[in-house]
> 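Before we start, here is the structure in question, set down as structure tokens.
Below, chains carry the letters A, B, ... as their sequence lines are ordered, and counting in each starts from 1.
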There are 2 protein chains.
Amino acid sequence: MNELLIHLDSKAGTALYEQIYEHIRQDITDGRLSRGERLPSARMLAAQLQISRSTVDTAYAQLVSEGYLEARRGSGYYVCDSGQLYHLTTEERRDTPATGSDYRTSGGRKYVTQNGCDRDSGQGQRPSALYQFRPGQIDSAGFSYRSWRRAGKEAMLELEHDLLQPGHPQGEYRLRRAIASYLYQARGVHCGPSQLIVGAGNEYLLLLLGQILGTGQKVAMESPTYLQAYYTFRNIGYEVTAVPADTDGMKVEEIPDAGVSLAYVMPSHQFPLGCIMPLKRRLQLLAWAEALADRYIIEDDHDSEFRYKGKPVPALHSMDGRGKVIYLGTFSNSIMPSIRVSYLVLPEELLCRYHTRCGFYASTVSRVQQMTVCRFIENGSFGRHLNKMRRIYKAKHDVLLQLLKGRDWVGRIYGAHAGLHIAVEIKGRVPEKEVIAQAAALGLDLQGMEDCCLADSRGPDRRPVLLLGFGGLTQEQIRKGMELLDQCVRRSMESGMEGKEAEPEKQDRSMESGIERHGREKYT
Amino acid sequence: MNELLIHLDSKAGTALYEQIYEHIRQDITDGRLSRGERLPSARMLAAQLQISRSTVDTAYAQLVSEGYLEARRGSGYYVCDSGQLYHLTTEERRDTPATGSDYRTSGGRKYVTQNGCDRDSGQGQRPSALYQFRPGQIDSAGFSYRSWRRAGKEAMLELEHDLLQPGHPQGEYRLRRAIASYLYQARGVHCGPSQLIVGAGNEYLLLLLGQILGTGQKVAMESPTYLQAYYTFRNIGYEVTAVPADTDGMKVEEIPDAGVSLAYVMPSHQFPLGCIMPLKRRLQLLAWAEALADRYIIEDDHDSEFRYKGKPVPALHSMDGRGKVIYLGTFSNSIMPSIRVSYLVLPEELLCRYHTRCGFYASTVSRVQQMTVCRFIENGSFGRHLNKMRRIYKAKHDVLLQLLKGRDWVGRIYGAHAGLHIAVEIKGRVPEKEVIAQAAALGLDLQGMEDCCLADSRGPDRRPVLLLGFGGLTQEQIRKGMELLDQCVRRSMESGMEGKEAEPEKQDRSMESGIERHGREKYT
């Protein structure tokens with residue numbers, strides 16, 4: 001038995017027992033104390049170090065609990081075989097840092113482009129943009145971190161020891177109840193908590209839905225649409241049929257007769273057109289689904305929280321009396337994209353299939369995360385947050401819209417007065433990609449309408465339409481960014497004119513035929 | 001303009017400005033103050049209530065920020081149209097409470113049974129069991145909630161405003177670096193952070209893998225195996241081939257030649273047999289995969305953290321020089337099942353496919369959760385936790401093993417000295433399901449080996465094998481539970497003898513041929 005040469009520093013930031021613990025642990029780890037070696041008794045060590053015996057007891061107990069020492073009754077403390085112990089350090093390994101260590105995607109939704117899959121693999125190009133106009137960014141200055149942290153703390157304390165147990169596969173009952181209550185109040189959706197499935201993001205829930213519905217489905221999607229859903233369906237192995245959209249949304253009469261079993265729509269705020277599907281079209285779509293037993297409508301209700309004009313638009317689900325609408329909602333825009341909490345409302349019939357085929361999957365959202373969202377809703381923070389954010393977004397929206405209205409190159413404006421982006425047509429025959437590339441050179445990150453169209457649905461000669469997301473920019477940034485955009489569009493148009501003088505002028509119909517009746521508030 | 005009749009209570013727990021805010025908000029919500037109505041100026045209200053003006057300013061500012069009031073420059077405060085505001089309450093809706101409001105599944109892994117899909121849909125039967133021997137429970141008394149909460153707090157503060165931005169699709173770089181470092185130190189796995197994908201649980205990662213590998217794969221699985229993976233493969237649409245397993249794991253030579261492209265194995269701790277795949281078999285399996293370009297091995301390395309005897313067994317991945325092993329790990333057992341953090345290590349070739357096909361999926365784990373795990377690892381808590389838990393589990397394991405060794409009805413014992421369960425064969429010709437049903441009547445929740453076998457791989461007449469999970473039970477509960485099990489097995493055997501006297505005695509070979517060489521430590 002060696003005498004332990006421990007130097008205690010009473011002025012150090014760490015407690016005395018921790019210093020003893022750390023010293024002995026290090027000795028064992030480094031091999032200075034070897035297996036089977038007996039340590040001085042707590043009494044002796046306390047006397048030697050001139051400290052209280054209980055301090056040494058505490059240190060020894062900690063070492064025993066962690067497997068470094070073994071207490072033999074009546075005989076003392078012995079060093080254990082530490083060969084099996086974990087000594088995890090954080091030292092750097094000699095890896096080349098991966099691409100994308102500072103990768104940022106856009107906010108609430110990640111808007112991929114037609115060729116975007118491999119581009120999105122972590123190159124981290126976007127952060128370099130000075131003005132991030134790409135849709136899906138959210139405002140972070142207005143977020144009440146304090147309320148969120150409080151909700152997190154409450155959730156943690158409340159779960160306490162229950163925390164270690166896995167929760168319900170569909171999500172915590174209390175969270176589902178809170179969501180059901182929110183959906184009823186805010187979206188007119190009538191559903192019980194038992195119909196709700198909480199999952200880690202919209203794409204995960206679409207994957208799950210793919211398993212519930214089974215292979216071999218054919219999906220009708222609007223063109224333009226939310227391409228991330230398109231890629232997800234394709235990954236599942238579903239065939240996707242592009243159906244033209246106008247400012248009433250999907251042209252239901254153009255859904256092909258043959259074999260289409262699903263229609264994916266965004267009736268309350270279409271992406272990227274920003275339009276609302278009017279009552280007549282909604283009834284038409286419901287009738288389409290009701291015509292065959294296995295037809296369903298997937299209602300993606302993203303962004304519906306933010307409307308700046310007119311009455312709130314209830315969800316399509318609220319009109320569904322036959323269990324034909326699968327409702328998909330998310331907290332990505334309304335709270336923050338990084339929390340990964342979305343939810344699915346299943347019709348009764350699909351709920352049965354879910355239980356049979358997928359009931360064994362554990363929830364993909366941690367219980368603490370779920371309870372944090374739950375507390376955030378329950379204690380009123382969520383409602384306050386939505387109201388506050390709507391004010392903030394409305395102000396940004398108004399600035400952008402005002403700036404757009406004064407420009408001579410601005411053609412039609414799509415999707416104003418709702419959501420977090422406005423789409424704007426450029427009067428001119430310049431290629432969309434060229435405008436975007438030129439804008440990028442000036443520090444503007446932009447997305448074009450072209451990027452949202454399914455391959456076969458747009459002709460080659462249409463006017464550029466830019467999607468201008470304003471959620472993540474300050475009003476000042478919107479102003480400065482718009483000045484730069486103004487320069488860049490003018491420059492593109494000038495160079496476009498020069499290069500294309502020889503070309504015969506074609507009528508730009510392909511886009512206009514799709515989106516020709518912008519701006520009327522037709523929902524009743 | 002009405003005078004506001006606000007009664008302030010200076011002794012209430014809430015601040016004065018909050019009382020004013022709440023009073024006015026309520027008046028607006030309830031319609032006592034209507035749209036366009038002008039409020040008293042802050043100065044007047046302060047005088048009326050005999051409080052400082054800044055208190056009223058604070059209340060008004062809050063109401064403005066939440067959209068209840070509008071400040072008109074030089075004119076005062078006016079009530080906004082509150083029709084669009086969210087007033088989310090937590091009042092109960094008239095739903096019938098869903099089934100499963102107090103649903104509990106087993107712990108670290110959810111072990112489904114052959115018929116378990118619909119049984120598992122939220123009936124919540126298991127909590128009634130007094131003694132939860134079902135594998136996958138973890139110990140919750142030994143968990144250091146304090147360390148975990150600290151890690152959570154640190155993560156929250158560290159992310160701060162960055163919190164709202166979505167993170168890297170593969171998971172936070174720093175977490176991936178910490179996991180890579182852990183895998184290198186603890187499991188011998190050499191991988192860079194760029195090869196790691198963090199996801200919400202093993203099943204999600206298998207779904208993702210299904211999309212990376214594409215449809216039409218044929219998977220070889222051991223029988224018995226982890227059925228949850230089996231069901232997941234089937235949901236993906238993969239064909240599953242059952243390959244017999246002995247106590248060396250999968251019998252590689254019995255993988256059918258035709259079209260099998262994947263082998264799913266648990267080389268360091270097979271579930272439910274608990275065996276280790278020896279070196280020779282590992283080399284054989286790697287050679288099988290190397291024989292064709294598109295063959296891969298999925299190494300599910302669950303439970304490998306806990307070994308109570310012998311040297312730690314490195315992962316199969318550590319021997320893979322040709323990029324043939326897809327490594328799947330989880331924090332469900334090593335931290336807690338409810339956090340939903342698993343990870344996949346992809347070979348370079350599959351990484352490319354991941355970027356092309358699935359790079360657009362956002363991570364399924366929230367950033368705070370990821371950073372909490374990251375801090376937990378980095379600050380040493382994870383290592384300490386593992387060491388502590390191993391001690392705790394070893395003690396429970398030893399108690400259970402000791403109790404089993406003394407029983408005359410105990411036949412072979414499988415998978416001792418590692419993991420969180422022991423499998424025990426019962427010497428007798430009584431149906432496994434009958435023993436389990438009788439045990440359930442006494443308050444014991446048990447799972448049998450039969451439940452883990454793929455349908456076509458076991459004959460009808462074999463001895464029962466019970467899986468006894470000890471992770472979630474105290475030593476005292478293990479003792480009491482074993483007494484009850486003893487009674488119940490004796491009773492089953494007696495009644496079995498009576499009922500089956502007329503049957504001809506068959507040799508019980510089907511199971512033994514599979515698992516005949518238990519207990520040798522053959523890994524070198």
> Has the side chain of A/Arg149 got a donor or acceptor atom that lies under 3.5 Å from a matching backbone atom of B/Met156?
no
> When only pairs under 4.5 Å are counted, which of B/Val341, B/Thr232, B/Val368 shares the most heavy-atom pairs with chain A?
B/Thr232
> Within this structure, what is the OH-CG distance for the pair A/Tyr145 and B/Leu157, rounded to the nearest 0.5 Å?
12.5 Å
> Top residue by heavy-atom pair count (under 4.5 Å) with chain A, among B/Ser363, B/Gly201, B/Gly214, B/Ala178?
B/Ser363
> Parallel, tilted or perpendicular for A/Phe360 and B/Tyr231, by the 30°/60° rule?
tilted
> List for me each residue that meets salt bridge (Lys or Arg N to Asp or Glu O under 4.0 Å) alongside A/Arg234, sequence neighbours excluded, and say none if there are none.
none
> Supply the atom-to-atom distance B/Gln370 CD to A/Arg340 CZ, rounded to the nearest 0.5 angstrom.
10.0 Å
> Do you know which of B/Leu196, B/Leu207, B/Asp139 has the most heavy-atom pairs under 4.5 Å to chain A?
B/Leu207
> Looking at chain B, which one of A/Leu208, A/Ile335, A/Thr364 has the largest number of heavy-atom pairs inside 4.5 Å, strictly under?
A/Thr364
> Below 4.5 Å from any heavy atom of chain A, which atoms of B/Ile236 appear? Answer side chain, backbone, both or neither.
both
> Heavy atoms only: give me the nearest B/Gln228-A/Ala362 pair and the separation to one decimal.
NE2-N, 4.4 Å
> For the residue pair A/Gln165 and B/Ser338, what are the closest heavy atoms and their distance?
O-CB, 3.3 Å
> Treating A/Asn235 as the side-chain partner and B/Arg357 as the backbone partner, does any N or O pair qualify as donor plus acceptor under 3.5 Å?
yes
